[in-house]
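Following: one structure in structure tokens, then a few remarks.
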Amino acid sequence: MSSERSKYDPSAIEPKWQARWEEGRTFEARRHPGRPKKYILDMFPYPSGSGLHVGHPEGYTATDIIARYSRNKGIDVLHPMGWDSFGLPAEQYAIKTGTHPAVTTGHNIATFKRQLKSLGFSYDWSRELATTDLEYVRWTQWIFLQMFRRGLAYQAEIPVNWCPELGTTLANEEVVDGKSEVGGHPVVRTPLRQWTLKITAYADRLASELEGLDWPETKKKQVDWIGRSEGAEVDFGIADRPEKIRIFTTRPDTLFGATYMVLAPEHALVESLATPAQREAVLAYRAEVAGKSDMDRTALAKKKTGVFTGSYAVHPLSGAELPIWIADFVLGGYGTGAIMSVPGHDERDFEFAREFGLPIVEVVSPDGGLHDAMTWSEAFADDGVSVRSSFLDGKKTAEAKAAMIDHLEREGLGVRKVQYKLRDWVFSRQRYWGEPIPIYFPVELAEGVVDPRHGAHTIRFDRPIALEDSELPLRLPDLEDFRPGDPAGALVKALDWRFFQKDGRWFARETNTMPQWAGSCWYYLRFLDPKNQEQIFSQQAYDAWMPVDLYVGGSEHAVLHLLYARFWHKVLYDAGVVKHPEPFIKLVHQGMILGENNEKMSKSRGNVVNPDDVVKQHGADSLRVYEMFMGPLEAVKPWQTNGVVGVRRFLDRVWNALSAAEGEGPLDDESNRLLHKTIKKVGEDIEALRLNTAISAMMILVNRLGDLDVVPVPAAKAFTMILSPFAPHLCEELWERLGEKESLAYAPWPSFDPALTVDDEVEIAVQVNGKVRSRVKLRRDATEADARAAVASDEAVLQHTRGKTEKKVIYVPGRILNFIVG
RNA sequence: GCCGAAGUGGCGGAAUCGGCAGACGCGGCGGAUUCAAAAUCCGUUGCCCGCGAGGGCGUGAGGGUUCGAUUCCCUCCUUCGGCACCA
């Protein structure tokens, strides 16, 4: 053994093959007539300043394996990558340093791209796109206008978390205890004019059309989020007044049990209902509530609070007068913002009644008998039998609900109604770094003013005008100062951009921008045809690749991104732009990778692993294989640096065993069987995304082949192929050294001989009373008699059966032989 | 509080139409190689008792079904994720 063996050197191999793939345009997606296709998509990243972390490559490696495997199986693959590049961090950096967000974004994209390329992912980079690209923004705005024209984008006064000190609105998560999370400045709930998308119009379809999709628990999360509930709206009169109070209830059967009413503090009638005696208390309470964020209103409210208005409602059926209260547990944004309170049969109403000494009446009985609800310690919210309810008496809950709604509709007192928790989507932000909303408004100039940039004027927000398609894209103006501050948005400062003249009249552009979600709602569609100047994509490109067959990304997007994207897709479906009602057939969430200390990776915890370091030390292939070997893709799992070392050793052994392959000779029978079993298992495991067990099977194989004096070339090639989706650089290099001229990217996946994947002879366990006492080798198809004969003189078995009576024998061929004795 | 997922060696994890628990990897121990070390290779490694042969115990806890349960059923505990007064 004097000949010097070459060493596995990923730092030499990996750049070599990455360059070859790029020069050869190896992974540009092409469609071949008659071949099956797969559209394999990753959730594209936000290119942050800190670069890639090891969590990113987890999902990306999994999809890359599927993509590469699919190509080897003769499937046309579309596997693109791009950038979700609008977003707050670039803007905040701009505020701090004055660097334009576009510059920061460009740098960050370059870093991400370099890092992704260093990992050898087989993306079709010719289709790369960024949501900040002007051509991309154009079509994002175009879709917005589709919605606007269909009445799905409208303006509304919506209460938002406004922080005057920071000069911006904040997300609910950014508000703690009524103060901004950053800086601790006061936050107020204030209504602001906002663009809103009518996602509620699609609530039913968004819930019901999940049905056929191959998605995990995410489906249920979305259904819960949409929160459909069926019930009725009922009108209550007001004593001595003409108005009505409309309420929503899911329990119309309990109408006779209503003993008081509660309005949300922001309900329109509150002010007029407050009697002089109560007025002060009502207004004080309302002011107090207005200062609280949604979070505080809900999370901290253990104890019910509320104030009596002094007015009374009139029960629509009994005519009884019911006191009207206001309380913050009734939400202004849900239903009608008002409820009838049935304390006997609703937990919240019960608590409230107890808190304020209001009457509690039983109208649903668990057993049909009558009970005194005032003595109860909790509400009876289950189904039962109606009592004290006139024409409902004796009916079961479901039947009573229907009977009551029928009655209300007949009498014109109420209607059947479906409600959703899902709200319309507040779509505007007061930020700079987002897509401009392609809308403008007429401007009315004050007396004597000729230019709204320098004089008093009124913007007619009630008369929004859409840009023409030909006027798109509407660019962002350049700003010196990116600071937010104006409730109308950072863009108000760009006066020359904002105000313009047309046919001698002045107009003002919308100064709100779109949220970051916008760009990510439809990027999978632009990947189909990213360079198309005329259309959002061509029909041909659509037909070639849609729908997305596999979509992989974090479960943090289970609800919002995936719901928003589905919503846009359905709008485009209704507009005839896309042909499938749903965009993503199969969805998988990769689990988070934790730091070595089992905590979430973060700079502050000091447990961040940088993929660049791993690549430098062990190569991209080791990183890829390790991340897949850690455990099931969907599981949350901690990083173990030594685990990478173990995988590196595996790849070293592969290199040593296969790079020295020689001769055409056959493998010995046992190795050959193992090879065929492994080919079978790796293929099956990849298709089921069980990548960890595929790797362990290949480890077993290399451990065996490494024991041979020499591995014959055909076996080496087969092994190289099945490992190649996982460790593509190493395998391309081996493939070349094994005498192949072409890249293995499109070489056929090896087949296996099914006969070689099952053993003729198997070792089964021999038990006595369920305890393993011996083992015996048998033919796979051995009968029970064969098995018994084989162990008839087995001393270990006899030891436990001798002198005892055989009661029963269980024989499962290929598995077990169990003697039950006593 | 509600919903969902999951609890298996020192660690990551395998194995569920009920049939040999702990594959594979890490770590540990012992050995080979080396002047020595690193790297590599070989052996060994769930726990307890035993010199040994061997035996017992073991998949979060407790029950149940079964010849047989990590796998099915019931009760409970813990961890993680999501939701959070939605009438």
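Letters go in sequence order (proteins before strands), and every chain restarts at 1.
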Query - Check: A:Y626 ring centroid to A:W639 ring centroid under 6.0 Å - result: yes
**Report entry** B:rC76 pairs with, by Watson-Crick or G-U criteria that keep both distances under 3.5 Å
**Finding:** B:rG60
Report task. Return the 5'-most residue of the pair A:I695, A:R251 with respect to RNA chain B, ranking by each residue's nearest nucleotide. Result -> A:I695
Report task. Please state the P separation for the pair B:rC48 and B:rC3 - nearest whole angstrom. Result -> 42 Å
Query raised in the report: Of all heavy-atom pairs between A:V768 and A:R773, which one has the smallest distance, and what is that distance?
Result: CG2-CG, 3.9 Å
Report task. Identify the nucleotide, in any strand shown, that forms a Watson-Crick or G-U wobble pair with B:rC83, with both distances under 3.5 Å; if there is none, say none. Result -> B:rG1
Report task. Assess the pair A:F726 and A:F629: is the distance between their ring centroids shorter than 6.0 Å? Result -> no
Query raised in the report: Any donor-acceptor pair under 3.5 Å joining the side chain of A:R649 to the base of B:rC41?
Result: no
Query - Closest to side chain of A:M699, choosing from B:rA87, B:rG25, B:rG56 - result: B:rG25
Query raised in the report: Now, which nucleotide makes the Watson-Crick or G-U wobble pair with B:rA39, with each of the two distances under 3.5 Å?
Result: none
Query raised in the report: Which one is paired to B:rG10, where only Watson-Crick or G-U wobble pairs with both distances under 3.5 angstrom count?
Result: B:rC26
Query raised in the report: In terms of side-chain heavy atoms of A:K808, which of B:rC67, B:rG19, B:rC3 is nearest?
Result: B:rC67
Query raised in the report: Is the gap between the ring centers of A:F256 and A:H315 under 6.0 Å?
Result: yes
Query raised in the report: Which whole number of Å gives the distance between the P atom of B:rU65 and that of B:rU70?
Result: 16 Å
Requested in this report: Sticking with atom C1', work out how far B:rG68 lies from B:rC17, rounded to a whole angstrom.
Outcome: 16 Å
Requested in this report: Tell which nucleotide pairs with B:rA21, taking only Watson-Crick or G-U wobble pairs whose two distances are both under 3.5 angstrom.
Outcome: none
